[in-house]
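Bear in mind the structure is a predicted one, so any value in this text is a computation, not a measurement. Quick note: residue numbers are just sequence positions, from 1.
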Amino acid sequence: MLTVKDLLFPRRCPVCDRPVKPAGALICAACAPKLKYVGEPVCLKCGKELKRPEQEYCFDCAHKKHEYDRGISLYQYAGIRKTVYRFKYGGRLEYADFLGREMAGRLGKQILAWRPDALIPVPLHPKRMRKRGYNQAQLLADKTGKLLGIPVVSDWLLRTKNTVPQKLLDGRARQNNLKRAFKIGRNDVKLKAIVIIDDIYTTGSTVDEIAVTCRQHGVQQIYFAALSIGSGTE
């Protein structure tokens, strides 16, 4: 049922960013088929889509040791780049309702199979949080966790270093940028298995640095679930 709020402030479609048609839906009926999901075969480590079925790992994971155990992602980043940008920087908090539901519906079976103690959203530095007003990873985690019945712990992992945006860097610069960028903020919470939630997975530098910090504090199983993922390197 449509509310007065829906009429005065119509929900925006996460794909076209126009008022959703039909009104009251989470995405335009005409836009839903445009979403590009990650499909098999995928890398056994990071979950990137592979071009050849005989491959087990993408180029990145075949040549680099990651600190996490395994990861999965929902969309191919190239097809949802504008959506991610508006969600992250454009104040489109309402996208979380659809995107979180999609993550829970399509990635939920695997997330539940990992039996995590909690979902951990990648944190923002307090300065960036004040400027943006929200953390898109936490919005995704909150919606996904609620639908799957998994606790979301957003104050356990803290970002203490206001890093340069990773998209501006490449290679070793990404790794160095994140050195000692995170710390555990609550020693009273003990977690053995976690799923890190983020909006984009590219090289894995962020998840790796978080994994290093978490393992130092007793976490034994570390996975990630991302809204989108890059194509990797051939």
Side-chain angles (χ1 to χ4, degrees), residues 14 35-53 55-81 83-84 87-88 95-96 98-123 135-154 157 166 191-212 214-215 219-233:
L35 296 170
K36 303 297 183 182
Y37 298 96
V38 174
E40 297 287 345
V42 298
C43 174
L44 296 179
K45 188 69 173 181
C46 75
K48 283 179 182 172
E49 189 171 308
L50 300 174
K51 293 185 177 180
R52 299 187 301 276
Q55 284 182 272
E56 292 186 343
Y57 299 98
C58 67
F59 181 90
D60 296 332
C61 291
H63 294 79
K64 177 182 178 181
K65 180 182 181 299
H66 287 294
E67 302 298 333
Y68 60 83
D69 292 292
R70 191 184 165 199
I72 52 176
S73 299
L74 182 61
Y75 300 118
Q76 298 174 21
Y77 175 67
I80 201 171
R81 177 176 53 84
T83 296
V84 173
F87 180 45
K88 194 169 185 172
Y95 287 4
F98 174 75
L99 299 175
R101 188 175 296 276
E102 281 273 278
M103 289 187 72
R106 293 178 179 271
L107 304 182
K109 184 177 180 180
Q110 181 60 69
I111 292 173
L112 290 170
W114 287 331
R115 302 172 65 91
D117 298 317
L119 303 184
I120 306 295
V122 173
N135 178 358
Q136 73 284 346
Q138 182 167 350
L139 295 177
L140 288 173
D142 287 343
K143 185 68 177 181
T144 304
K146 181 178 180 181
L147 291 170
L148 295 180
I150 302 174
V152 176
V153 184
S154 56
L157 180 70
Q166 289 287 87
L191 302 172
K192 295 298 182 183
I194 63 172
V195 176
I196 299 165
I197 303 294
D198 205 1
D199 55 340
I200 306 170
Y201 178 97
T202 49
T203 64
S205 297
T206 299
V207 179
D208 279 334
E209 189 62 27
I210 289 174
V212 169
C214 292
R215 291 201 192 280
V219 183
Q220 297 173 4
Q221 296 171 295
I222 300 171
Y223 308 97
F224 79 80
L227 176 67
S228 62
I229 193 166
S231 59
T233 306

Test side chain to side chain contact (heavy atoms under 4.5 Å, CB included) on Val207 and Tyr201 and set out the steps. CA-CA 8 Å; Val207 179; Tyr201 178 97; 4.2 Å; yes

I'd like to know whether Tyr68 forms a side chain to side chain contact (heavy atoms under 4.5 Å, CB included) with Ile210, so could you lay out the CA-CA distance, the side-chain angles of the two residues, the decisive distance to 0.1 Å, and finally the verdict. CA-CA 9 Å; Tyr68 60 83; Ile210 289 174; over 6 Å; no

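Here the closest non-hydrogen pair linking Lys143 and Gly100 is CG-CA, 3.7 Å. Leu99 and Tyr75 get closest at one heavy-atom pair: CD2-CE1, 4.0 Å.
Side-chain contact between Leu119 and Ile111 is present, with at least one heavy-atom pair separated by less than 4.5 Å. Residues Leu191 and Ile120 have side chains in contact (heavy-atom distance under 4.5 Å, counting atoms from C-beta outward). Residues Ile72 and Val42 fail the side-chain proximity criterion, which asks for heavy atoms closer than 4.5 Å. At least one side-chain heavy atom of Phe87 sits under 4.5 Å from a side-chain heavy atom of Leu139. The closest side-chain heavy-atom distance from Val152 to Thr144 is not below 4.5 Å. Between Thr202 and Tyr77, the closest side-chain pair of non-hydrogen atoms is not below 4.5 Å. Counting only heavy atoms from C-beta outward, the side chains of Ile197 and Phe224 never approach each other to under 4.5 Å.
Around atom CZ of Arg215, more than 12 heavy atoms belonging to other residues, nucleotides or ligands sit under 6.0 Å away.
Note that CD of Gln221 and CG of Asp117 are 8.5 Å apart. Values are rounded to the nearest 0.5 Å. Note that CG of Asp142 is 9.0 Å distant from CG of Asn135, once rounded to the nearest 0.5 Å. Remark: Ile229 CD1 to Ile200 CD1 distance equals 11.0 Å, nearest 0.5 Å.
Looking at Lys45, its side chain never comes within 3.5 Å of a backbone N or O of Lys65 through a donor-acceptor pair. Panel note: side chain Asp198, backbone Ala226; no donor-acceptor pair is recorded below 3.5 Å. Judged purely by atom type and a 3.5 angstrom limit, Asp69 uses its side chain to pair as donor or acceptor with the backbone of Ile222. The closest donor-acceptor contact from the side chain of Asp60 to the backbone of Thr203 lies at 3.5 Å or more, if one exists at all. With Ser228 contributing its side chain and Asp199 its backbone, the two residues share a donor-acceptor pair below 3.5 Å. Side-chain atoms of Glu49 come within 3.5 Å of backbone atoms of Gly39 as a donor-acceptor pair (strictly under, hydrogens ignored).
Pairs of residues two or more places apart, or lying in two chains, that qualify as side-chain hydrogen bond (donor to acceptor under 3.5 Å, both in side chains) and include a residue from residues 35-44 are Tyr37-Glu102, Tyr37-Arg106.
Taking Tyr223 as the reference, Trp114 meet the ring-ring contact (aromatic ring centres under 6.0 Å, His included) condition, with sequence neighbours excluded.
Between Leu44 and the choices Arg70, Gln55, Glu56, the side chain to side chain contact (heavy atoms under 4.5 Å, CB included) rule is met once, by Glu56.
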